[in-house]
Amino acid sequence: MTVPEPGTTAVPPPGCPAHTAGGGVPPTAAHGGTLPGGLPVGVPLTPLYGSAVADDPHGLYARLRAQYGPVAPIELEPGVESWLVLGYPELLELTRNEALFSKDSRRWRVPAEGRLAADSRLQPMTSWRPTLLNLDGAEHQRLRAAVADTLARVDHRQLRETTEAAADALIDSWGPDGTADLVAQYARRLPLLVFTQLLGLPDEAGAHLIRLISHIADSGPESVRANQEFQTLLVDLVRQRRTTPGADLTSWLLAHPAALTDEEAVHHLVVLMIAGNETTICWTGNTLRLLLTDRRFRATLTGGRLTVADALEEVLWRDPPTQNFPGRWATSDTVLGGQFIARGDMLVLGLAAANADPAAQGPVAHGHASIGHASIGGNRAHLAWGAGKHVCPAQHPARIIVETAVETLLHRLPDLQLAVPPHELAWRPSPWSRALISLPVLYSAFTPPRPPAPERPSAWTPPQVPQTPQTPGTALRAASRAASGTALRAASGTASGTEEPSPSSWTPSDATSTARTPGSAEPARRSWWNSLAGWWSGR
């Protein structure tokens, strides 16, 4: 969009359908005003930030579509205008026409005109970097090949095993109290446990990385500081791997024939960590929410059932992890969706809105009124991963992580239920991510994994305990209590930083051992829960 200088008149492109043949700039029915250089006059721009985009984004997109059509004028922050592409065909055109709609944000007129503050919250998501996200043509292909080839080296079986082990460790740390927040205690922590191993970062960096990435993705007050700190951390990692390579994504990226510089490598690690991690967090949380709130994933009226894989696809259609993404920049004056787009205008990819476009609803919803109420099966024609040459190259590893995370949780805790009414769930006020703030749940079938046999010093001898006759049932319950107490005390000690007493000086007792959930040690009950978990996850 462009605001004409005083005393000048913007000239629309020849043949623009939003203007008359007389060369003037007349009123249009869509805007109720005029369009000088693409900017509606007399019509307040709809903000794509704050509660409006968090509380009811689907309602917001529907209102914008009804008022403006498939391309709508919006405001990204006060005084910063853009276009939101809502139409499915229009978004495909936008992403496939690289010559007319560039990924190079240096073309953006707003910072060129001095209207983007140095501390703008949009800086981390819109600033130009030498990455595959911000380049076109041959340079984009070179960098994309480096990232795609590096990701292709990830062993999918090992990735699934790593994710499952991390998921089990998180679930074990909750204890048997029957409550958890699946966002704070699971979805937000799990991907970082996996990504730190993939990239070769130390495990203890995970919690700090979560905070930094959240600030960047939300375009919040701390986004600029978090972005700088995050890049500093990755600069140190790249320097280490240059001298000491390992079997990790960072080392593979540096060794690729594309010969990335240190600066290029750092920026691409930023892309992998923010785009990959944030997407995985949101996809996991949104899928768990769908499974916990939609009865179709238990049983339909016809007796059929939908699986975890179905839930993953429906989330990508209805509530994709990235609901909007910046962006494309017009290389010359043009028309898109009936709107006059001026050179240098920014266009935001409305991924969630385009998925809900009536133009995409027919074949997707099989005649139903809404994607949210239809079984879409294996339909993957959604735009959650983008489209064109810049489609996301990390979607397959992301799917493995999310699917494993969801299935592991349902297998371990098959009787999960929401701890609050669904309408009380709140969303983060991010213009880009579609992410829950929290997802509190209750459960009762907590079954810790069998703990490994403890390593005993060679000089250790078991303490002499007076032997008293026990019935078989008494002995079984005593052994179960001891095993449960040992596992839970070990998890608690690890979390709090306390040390376990040495084996020679400590003997578990009924008075101090943590009791397990009633019935969790009964073999018959555990078998029944495992059968239910298999049914739930489609196995």
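On a predicted model such as this, the values are computed, not experimentally measured, just so you know.
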Check your understanding: Are the side chain of Thr261 and the backbone of Glu264 linked by a donor-acceptor contact shorter than 3.5 Å?
Key -> yes
Exercise for review: Compute the centroid of each ring, for Trp385 and then for Trp283, and state whether the two points are separated by less than 6.0 Å.
Suggested key: yes
Practice item. Please determine which of Asp56, Asn324, Asn355, Asp357 meets the side chain to side chain donor-acceptor pair (under 3.5 Å) test together with Tyr61. Key: Asn324
Review point. Is Arg428 paired with Glu278 through a side-chain N to carboxylate O contact shorter than 4.0 Å?
Key: yes
**Study point:** Donor-acceptor contact present, side-chain Thr279 to main-chain Gly276, <3.5 Å
**Key:** no
Review point. Mind checking whether Leu76 and Pro431 have side chains closer than 4.5 Å, heavy atoms only?
Key: no
Exercise for review: Could you check Tyr443 against Asp177 for side chain to side chain contact (heavy atoms under 4.5 Å, CB included), going step by step and ending with a plain yes or no?
Suggested key: CA-CA 9 Å; Tyr443 56 89; Asp177 61 346; 3.9 Å; yes
**Study point:** Spatial distance of atom OG1 (Thr280) from atom CG (Leu192) [nearest 0.5 Å]
**Key:** 10.0 Å
Exercise for review: Take Glu403 and Arg160 through the test side chain to side chain contact (heavy atoms under 4.5 Å, CB included) and record every step on the way to the result.
Suggested key: CA-CA 9 Å; Glu403 186 173 46; Arg160 190 176 295 276; 3.9 Å; yes
Point to revise | Presence of salt bridge, Glu139 and Arg144, under 4.0 angstrom | key: no
Exercise for review: Could you check Phe230 against Leu269 for side chain to side chain contact (heavy atoms under 4.5 Å, CB included), going step by step and ending with a plain yes or no?
Suggested key: CA-CA 10 Å; Phe230 185 56; Leu269 291 180; over 6 Å; no
Exercise for review: Give a yes or no on this: more than 12 heavy atoms of other residues, nucleotides or ligands lie within 6.0 Å of atom CD of Gln158.
Suggested key: no
Review point. Where the side chain of Ser102 meets the backbone of Asp104, is there a donor-acceptor pair that is under 3.5 Å apart?
Key: yes
Review point. Considering only heavy atoms from C-beta outward, does the side chain of Leu413 approach that of Trp174 to under 4.5 Å?
Key: yes
Check your understanding: Does His390 use its side chain to pair, donor to acceptor, with the backbone of Leu133 at less than 3.5 Å?
Key -> no
Exercise for review: Can you measure from CD1 (Ile281) to CZ (Arg188) and round to the nearest 0.5 angstrom?
Suggested key: 4.0 Å
Check your understanding: Looking only at heavy atoms, what is the nearest atom pair of Asp248 and Ser251, with distance?
Key -> OD1-N, 2.8 Å
Point to revise | salt bridge (charged side-chain N to carboxylate O under 4.0 Å, His left out) between Arg242 and Asp262, worked out | key: CA-CA 9 Å; Arg242 279 288 190 195; Asp262 282 7; 2.6 Å; yes
Practice item. Measure the CD1-NE2 distance between Ile171 and His411 for me, rounded to the nearest 0.5 Å. Key: 9.5 Å
Review point. Will you find, in the side chains of Gln123 and Ser127, an N or O donor that is under 3.5 Å from an N or O acceptor?
Key: yes
Review point. What pair of heavy atoms forms the shortest contact from Ala311 to Thr287, and how long is it?
Key: CB-CG2, 3.9 Å
Review point. Side chains of Leu439 and Leu418: does their closest heavy-atom pair fall under 4.5 Å?
Key: yes
**Study point:** Any donor-acceptor pair under 3.5 Å from Gln395 side chain to Cys392 backbone
**Key:** yes
Practice item. Return the minimal non-hydrogen interatomic distance between Ala54 and Pro57, and the atom names on each side. Key: O-CD, 3.9 Å
Practice item. Mark yes or no for whether Arg241, through its side chain, and Gly200, through its backbone, hold a donor-acceptor pair below 3.5 Å. Key: yes
Check your understanding: Do Asp319 and Arg434 sit within salt-bridge range, that is, some charged N less than 4.0 Å from a carboxylate O?
Key -> yes
**Study point:** Other residues, nucleotides, ligands: >12 heavy atoms within 6.0 Å of His396 NE2
**Key:** no
Review point. Do you know the tightest heavy-atom contact between Val85 and Leu91?
Key: CG1-N, 3.7 Å
Review point. So, does Thr408 use its side chain to make a donor-acceptor pair with the main chain of Glu164 at under 3.5 Å?
Key: no
Exercise for review: Report yes if the side chains of Ile437 and Trp427 come closer than 4.5 Å at any heavy-atom pair, otherwise no.
Suggested key: no
**Study point:** Exam field: side chain Gln323 to backbone Ser433, donor-acceptor pair closer than 3.5 Å
**Key:** yes
Check your understanding: Would you say Leu416 and Leu182 make side-chain contact, with heavy atoms under 4.5 Å?
Key -> yes
Review point. So do the side chains of Met273 and Phe195 get within less than 4.5 Å of each other, counting heavy atoms only?
Key: yes
Exercise for review: Might you point out which heavy atoms bring Asp136 and Lys103 nearest each other, and give the distance in Å?
Suggested key: OD1-N, 3.2 Å
Point to revise | NZ/NE/NH1/NH2 to OD/OE distance under 4.0 Å, Glu229 and Arg225 | key: yes
Review point. Would you call Leu60 and Leu48 a side-chain contact if the rule is heavy atoms closer than 4.5 Å?
Key: yes
Practice item. Look only at the side chain of Thr243 and the backbone of Gln240, and say whether a donor-acceptor pair between them is shorter than 3.5 Å. Key: yes
Check your understanding: Strictly by modelled atom types, are Ser223 and Arg121 linked by a side-chain donor-acceptor pair under 3.5 Å?
Key -> no
Point to revise | Closest heavy-atom pair and its distance - Val266, Gln231 | key: CG1-O, 4.1 Å
Review point. Hey, what do you get for CG (Leu291) to CG (Leu312), rounding to the nearest 0.5 Å?
Key: 8.0 Å
Check your understanding: Are Glu407 and Arg412 within salt-bridge range, i.e. N to O under 4.0 Å?
Key -> no
Check your understanding: Taking it one step at a time, do Ile401 and Leu159 satisfy side chain to side chain contact (heavy atoms under 4.5 Å, CB included)?
Key -> CA-CA 7 Å; Ile401 295 173; Leu159 178 59; 4.0 Å; yes
Practice item. Give, for atom NE2 of His382 and atom CG of Leu316, the distance between the pair rounded to the nearest 0.5 Å. Key: 4.0 Å
Check your understanding: Between the side chain of Asn286 and the main-chain N/O of Val315, is any donor-acceptor distance below 3.5 Å?
Key -> no
Practice item. Find out whether Trp432 and Pro326 are in side-chain contact, i.e. whether some heavy atom of one side chain is under 4.5 Å from a heavy atom of the other. Key: yes
Review point. Should the pair Arg296-Glu314 be classified as a salt bridge under the 4.0 Å nitrogen-to-oxygen rule?
Key: yes
Revision key, fill the gap. Value for CG (Leu193) from CG (Leu170), rounded to nearest 0.5 Å, stands at 5.0 Å
**Study point:** Test side-chain contact (heavy atoms from CB on, under 4.5 Å) applied to Leu272 and Thr150, Val147, Thr131, the passing residue
**Key:** Val147
